[in-house]
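I have placed the structure first, in the form of structure tokens, so that the comments after it can refer back to it.
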Amino acid sequence: MTILDGFGLVGVCLILVAYFLLQVDKMEAKGLAYSVLNLFGAILILVSLTGAFNLSAAVMEGVWALISLYGIFAVWRRHRSARY
């Protein structure tokens, strides 16, 4: 196992933990933690693909990261509007 494999496995674990916590009602889908875990998981998986590129996996994780960024922005926007 290479260091890139390790990054990929940690990324997968982050995404799976976020999904599990969502399913057992320990995390909110619209919460910051869910989107952050998904973003870092997707980034780590993308990093792992630099060793053995797979286009379909790269597209999947790239879109996953973009959706997670949207979620983070939505949380920030809700928080900002709640202050005013």
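Numbering of residues begins at 1 and proceeds along the displayed sequence.
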Q. What about V17 and L39, same hydrophobic cluster or not, with Ile/Leu/Val/Met/Phe/Trp/Tyr joined at side-chain heavy-atom distances under 4.5 Å?
A. yes
Q) If you group Ile, Leu, Val, Met, Phe, Trp and Tyr by side-chain heavy-atom gaps below 4.5 Å, do L32 and F40 land in one group? A) yes
Q: Give a yes or no answer on whether the side chain of N38 reaches the backbone of S35 with a donor-acceptor pair at less than 3.5 Å.
A: no
Q | Minimal non-hydrogen separation, K30 against V75, with atom names | A | O-CG2, 3.1 Å
**Q.** side chain to side chain contact (heavy atoms under 4.5 Å, CB included), paired with F7, selected from L44, T50, I43
**A.** L44
Q. Given side chains that start at C-beta, do those of L37 and M27 come closer than 4.5 Å, heavy atoms only?
A. yes
Q) Do L14 and V12 sit in the same hydrophobic cluster, where Ile, Leu, Val, Met, Phe, Trp and Tyr count as joined when their side-chain heavy atoms come under 4.5 Å apart? A) no
Q. What's the shortest heavy-atom distance between L22 and E28, and which atoms?
A. CD1-C, 4.1 Å
Q) Roughly how far, to the nearest 0.5 Å, is CZ of F73 from CZ of R80? A) 8.0 Å
Q: Give, for atom OH of Y34 and atom CG of L21, the distance between the pair rounded to the nearest 0.5 Å.
A: 10.0 Å
Q) Is there a path of hydrophobic side-chain contacts, each under 4.5 Å between heavy atoms of I, L, V, M, F, W or Y residues, that connects L66 with M60? A) no
Q: Taking all non-hydrogen atoms of both residues into account, name the closest pair between L4 and V47 and its distance.
A: CD2-O, 3.6 Å
Q. Can you get from L9 to F20 by hopping between Ile, Leu, Val, Met, Phe, Trp and Tyr side chains that sit under 4.5 Å apart?
A. no
Q: Could you grab the distance from atom CG of N54 to atom CD1 of I45, nearest 0.5 Å is fine?
A: 11.5 Å
